[in-house]
Amino acid sequence: MAKAVPAVSAKKSKGGGAASTAGARSAPFPTPASLRGKLAKLGLVTDFDLVLHLPLRYEDETRVTPIAEVRHGAPALVEGEILSSDVAYRPRRQLVLKVRDDSGLLFVRFLNFYPSHARSLAVGARVRLFGEVRPGFFGGEMVHPRFRVLRGSEPLADALTPVYPTTAGLPQAVLRQMVNEALDRADLSETLPEEVRDRMRLVPFADAVRALHRPAADADADALEGRTHSAWRRMKFDELLGQQLSMRLHYRARRRDRAPALAPAATLTARLLDGLPFRLTRAQVRVWNEIQHDLAEAHPMNRLLQGDVGSGKTVVAALAALRAVENGWQAAVMAPTEILAEQHHRKFAEWLEPLGVRVAWLAGGAGARERRQSLVAVAAGEVQVVVGTHALFQAKVEFARLALAIVDEQHRFGVRQRLALREKADRRRRTADASGYAPHQLMMSATPIPRTLSMSYYADLDVSVIDELPPGRTPVVTKLIADTRRDEVIRRIRDACREGGQAYWVCPLIEESEALELQTAIDTHARLAGELQGLAVGLVHGRLAPADKARVMDDFKAGRVQVLVATTVIEVGVDVPNASLMVIEHAERFGLAQLHQLRGRVGRGTAESACILLYQNPLSEGARARLRIIFEHVDGFRIAHEDLLLRGPGEYLGARQSGAPLLRFADLTLDADLLEAARTLAESMLDRHPDEAALHVRRWMSGRAELLRA
Ligand code: ADP
Ligand code: MG
């Protein structure tokens, strides 16, 4: 069917050159240059991209509906004879037809038309029209239907007509044609072992693809559109399998590298454990054992250590670092912020220096001279443990014998940063240093990742979870208070501080403007200092010079500052057990993970702790939902799960900043069973059907693998 708007003839699409722009990827389809940009915008470069460009919905042009039976608002195909065809000029220029079939009369209007259209749509002609019928002035009318003037008896479509996601200037007809051609050209061979297909009741891949692009006239369009059709199930499974295979391949590749095998010497580690004022929790012991086990092997560990805020990840990291040191190697510890790096430096120095271990600090804010000295000492192997921000990895830091890299709060590193880091690690791996060794890696995260998500996106890592908090913590009481009751909150802070407590006051997040956020923090500090006369009120924010930041944090830790006004720089990892009160202003602006992290800053000591969420009315629906969740739940995993349901995995993982969706077809919240199966299959497929596995990965992951691993 032609459309009554200027349409690109589908034939033209065959003419273009087939310039290869995709290197090793499968060959791009032939495209006229004028379309290539538009197609690329949709991510369509290769035949297989087109095969995987699945319809949004379908239109049924396989049967004709009598005009009298057409439901208003629903699209339908009608056929009839043109009774009249006139160009009207009011209210604007338009072509108006009256079309009749045996059952009734229909008005048709075209607002854009060419003289040729008007000529072909002449009185007496038989036409087929597809469009939505709406109630009009004279009865039912169709505006801008697709139409076809019939010459003799023409067969109806034998398949539902797919409607694809597209972009301006790329008509459906062209896209349809291109997909059709791609379907004929592309290799749709089967990758799943038959036994697996049978067991999981999955339809063959080629059948699934055809069912989606060219569904039979009697296909269940609702199931197709609702993505519950068996063809969809197959696509989702294949997508998940592609992801799992690619991650497991990556995992296996890394395991082929050599790393220093760190024997469980237990000299320094045992002494650290003896000297601690507490005993490890059962969960800490378990994860430490998992880590020790990995470190003792001669290939690099790649482990993600997850544990809720305050679960005690730092001491586990310190043990791992010491394991390297007691074997005569170095360890590096990296944190996303200066404050956190500084804090780690202190903690590590406090714990390790009494054992005769030298700990250096290499954050961006260190003085040039100090920095140079540290670098020399690290390169000479005189310093065994280095702590820093990611500057540590960006700068040319040379280690004499690096055995272990620890990345704290890894979720705080953006997707791109994480990619860069991983690439760097990979490069280092390929060009392995003089020793030929790649370091073990321990990543830590306090953002609990729901199981399905971590199974999916961290499938190339081993995951350890600390699922227990150290004993003796008093649960934090969470309060939701409207900001009209700010006075009460001020009184409460004064009382708490009089009794020896300390408080955080977190200033509102202002996403649009960092400058405004800073100014707000400065204003809030001034105002609180006035309202809380007699108390020492400090201020810390991201723009403070590192030395000043360190001084304020020091004063707060030592109790010289009682109320700390802060921007979200304190979100991660800050540990001041005496602080028992936290106020978060404009809590409605924060994300759930952030609120949970912030709240985790209190309740670290034995004192009764509270987190006051000040909010401003009116609340949006989303804000209300977030505040309810944070009020009702304290368990980070539960909160993460709710967050995932609220936002979906893309946003949850920060994929938006990377500009690419992570999974297109599968939905981790709905398709958990498929994910589980894909994960199991991936391992056995790599061993037993390596060729099919390779084809499958190529099919699904070309050009996307990097993003998926980010
Ligand atoms: P996070 O996992 O959030 O990084 P930290 O490592 O900062 O948590 O630990 C939080 C606090 O709990 C610290 O003060 C730490 O010394 C303390 N801690 C860690 N492990 C234990 C334990 N087993 N028993 C008691 N306190 C502990
Ligand atoms: Mg921490």
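Each residue takes its place number in the sequence, starting with 1. Order of appearance sets the numbers: ligands from 1, and atoms from 1 within every ligand.
Remark: Arg346 engages Glu342, Asp554 in a side chain to side chain donor-acceptor pair (under 3.5 Å) (not counting sequence neighbours). With sequence neighbours excluded, the residues forming a side chain to side chain donor-acceptor pair (under 3.5 Å) with Tyr251 are Arg255, Asp462, listed by chain and number.
The shortest N/O to N/O separation between Gly310 and ligand 1 falls below 3.5 Å. Not a single N or O atom of Trp351, backbone or side chain, sits closer than 3.5 Å to an N or O atom of ligand 1. Taking distance alone, with nitrogen or oxygen atoms compared against 3.5 Å, Gly312 approaches ligand 1 more closely than that limit.
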Check step by step if side chain to side chain donor-acceptor pair (under 3.5 Å) holds for Glu588 and His586. CA-CA 5 Å; Glu588 75 278 3; His586 280 295; 2.7 Å; yes
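In the vicinity of Arg279, heavy-atom distances shorter than 4.0 Å reach the ligand 1 atoms 22 (C), 23 (N), 24 (N). For ligand 1, the atoms closer than 4.0 angstrom to any heavy atom of Val309 are 3 (O). Ligand 1 places these atoms under 4.0 Å from at least one heavy atom of Thr314: 4 (O), 5 (P), 6 (O), 7 (O). Listed by atom number, the atoms of ligand 1 under 4.0 Å from Thr281 heavy atoms are 23 (N).
Shortest non-hydrogen contact noted between Arg599 and Ile630 is NH1-O, 2.7 Å. Closest heavy-atom contact between Ala521 and Thr567: CB-CG2, 3.8 Å.
Taking a 4.0 Å cut-off on heavy atoms, Met444 fails to register as neighbouring ligand 1. At a 4.0 Å cut-off, not a single heavy atom of Gly307 sits close enough to ligand 1 to count as contact.
Note that the OH atom of Tyr615 and the CZ atom of Arg589 stand 15.5 Å from one another [nearest 0.5 Å]. Atom CD1 in Ile493 sits 13.5 Å away from atom OH in Tyr504 (nearest 0.5 Å).
Here Leu280 has backbone heavy atoms under 4.0 Å from ligand 1, and that is the only part of it that gets that close. Using a 4.0 Å cut-off between heavy atoms, Gln284 contacts ligand 1 through its side chain alone, with no backbone atom that close.
The closest donor-acceptor contact from the side chain of His525 to the backbone of Val537 lies under 3.5 Å.
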